[in-house]
Amino acid sequence: VVRLSDEERKSGIISEENIGIAVSAMHRDGLVVLENAVDANHVDKLNGILSNEAAEMAKLPTTHFNDASPPLDPDLMYTDIWANQPATTVISAILGPKPHVNYVNGNTALGGYNGARQRVHADLTFNHATYPFAIVTNYYLIDVSPANGSTELWLGSHRDTSFRDHRNCNPEALSGSVSSEYDKGIEMEFGIRDELLQERRAYAPPIQPTVKKGSVVLRDLRLWHAGLANPSTDPRIML
């Protein structure tokens with residue numbers, strides 16, 4: 001966790017020391033939390049709106065326990081969320097100057113669920129690079145912990161993983177004998193192979209962190225993780 005000062009948050013300019021700590025954490029762990037990176041008023045405003053939407057979503061039979069949609073009202077597209085400068089500085093130090101956004105979505109773990117979880121996975125469906133090439137930026141709108149469904153994280157798993165580790169990888173594609181490395185025939189087997197999870201758990205078990213609202217969480221796209229159920233009464237919203 002890198003705790004930003006109020007001045008760093010307001011100016012968007014973070015110290016060289018904090019940049020170094022954050023970049024080191026990303027290379028070592030595949031994840032870093034920039035605490036106090038977003039104006040609390042912006043976070044509270046969005047959480048109020050999206051929590052009301054979540055209550056309506058919960059009434060629908062088609063709603064998945066892990067659904068969301070970020071607001072696209074221009075008045076709610078705050079710069080410190082859509083283009084957070086401290087986060088951009090750290091990302092640029094890893095990926096190079098002028099990083100761009102590929103897609104935006106949201107994630108609401110509705111309250112009142114127990115036991116439901118995703119399979120451990122990385123957000124990849126192709127034979128990817130083995131160096132940092134994409135970073136996920138998450139914004140928690142409330143304090144999160146195991147009590148309300150924080151994400152399970154397998155720190156360091158990004159360093160030695162490849163698409164071969166995925167259940168739905170077609171190994172023949174990686175040798176060039178077929179055209180597609182993604183085996184749609186076993187698409188529902190999405191996730192990391194059980195034997196690899198068991199092996200890693202023995203020396204580097206997963207964590208379920210506590211993160212303060214207003215934090216920006218940077219995650220290497222290759223990092224293994226899993227969404228967990230939210231047993232509390234209130235929704236846990238993340239952008």
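Owing to the predicted nature of the structure, the values given are computational and were not obtained by experimental measurement. Throughout, numbering of the chain's residues begins at 1 and tracks the sequence.
- Of the charged side-chain nitrogens involved, none lies within less than 4.0 Å of a carboxylate oxygen, so that Lys10 and Asp39 do not count as a salt-bridged pair.
- His42 pairs with exactly one of Tyr78, Trp82, Tyr139 by the ring-ring contact (aromatic ring centres under 6.0 Å, His included) rule, that one being Tyr78.
- At least one donor-acceptor pair under 3.5 Å links the side chain of Asn84 to the backbone N or O of Ala37.
- At a threshold of 4.0 Å, the pair Lys213-Asp44 counts as salt-bridged, since one of the basic side-chain nitrogens sits closer than that to a carboxylate oxygen.
- Around the OH atom of Tyr131, the shell of radius 6.0 Å holds no more than 12 heavy atoms that belong to other residues, nucleotides or ligands.
- Ser11 contributes a side-chain N or O that, together with a main-chain N or O of Glu7, makes up a donor-acceptor pair within less than 3.5 Å.
- Heavy-atom contacts from other residues, nucleotides or ligands closer than 6.0 Å to CD of Glu195 number more than 12.
- Hydrophobic clustering (side-chain heavy atoms under 4.5 Å, transitive across Ile, Leu, Val, Met, Phe, Trp, Tyr) groups Val136 together with Phe126.
- Residues Ile91 and Ile13 do not share a hydrophobic cluster, clusters being chains of Ile/Leu/Val/Met/Phe/Trp/Tyr side chains in contact below 4.5 Å.
- The backbone N or O of Lys212 sits less than 3.5 Å from a side-chain atom of Ser215, completing a donor-acceptor pair.
- Looking only at distances, a side-chain donor or acceptor of Arg236 sits under 3.5 Å from a matching main-chain atom of Gly149.
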> Does the pair Asp160 and Arg200 meet the rule for a side chain to side chain contact (heavy atoms under 4.5 Å, CB included), with working shown?
Replying inline: CA-CA 11 Å; Asp160 56 359; Arg200 187 169 188 87; 4.0 Å; yes
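- In this structure, the separation between CG on Leu228 and CD on Glu152 is 5.0 Å, given to the nearest 0.5 Å.
- Screening Thr137, Asp29, Ile135, Asp123 for a side chain to side chain contact (heavy atoms under 4.5 Å, CB included) involving Arg219 leaves a single residue, Asp123.
- Within the 3.5 Å criterion, the main-chain N or O of His158 finds no donor-acceptor partner in the side chain of Thr161.
- Between the side chain of Arg222 and the main chain of Thr130, a donor-acceptor pair closer than 3.5 Å is present.
- For His121 and His225, the ring centers are positioned less than 6.0 Å apart.
- Checking side-chain atoms of Asp165 against main-chain N and O of Ser162 turns up a donor-acceptor pair under 3.5 Å.
- Following chains of ILVMFWY side-chain contacts shorter than 4.5 Å, one cannot reach Leu197 starting from Tyr203, and the two form parts of different hydrophobic clusters.
- Classification of the Phe163-His166 ring pair by plane angle, with boundaries at 30° and 60°, yields tilted.
- At least one donor-acceptor pair under 3.5 Å links the side chain of Ser150 to the backbone N or O of Pro209.
- Under a 3.5 Å cut-off, the side chain of Asn148 and the backbone N or O of Asp143 do form a donor-acceptor pair.
- Judged by distance alone, with hydrogens and angles left aside, the side-chain atoms of Ser157 form a donor-acceptor pair with the main-chain N or O of Trp224 at under 3.5 Å.
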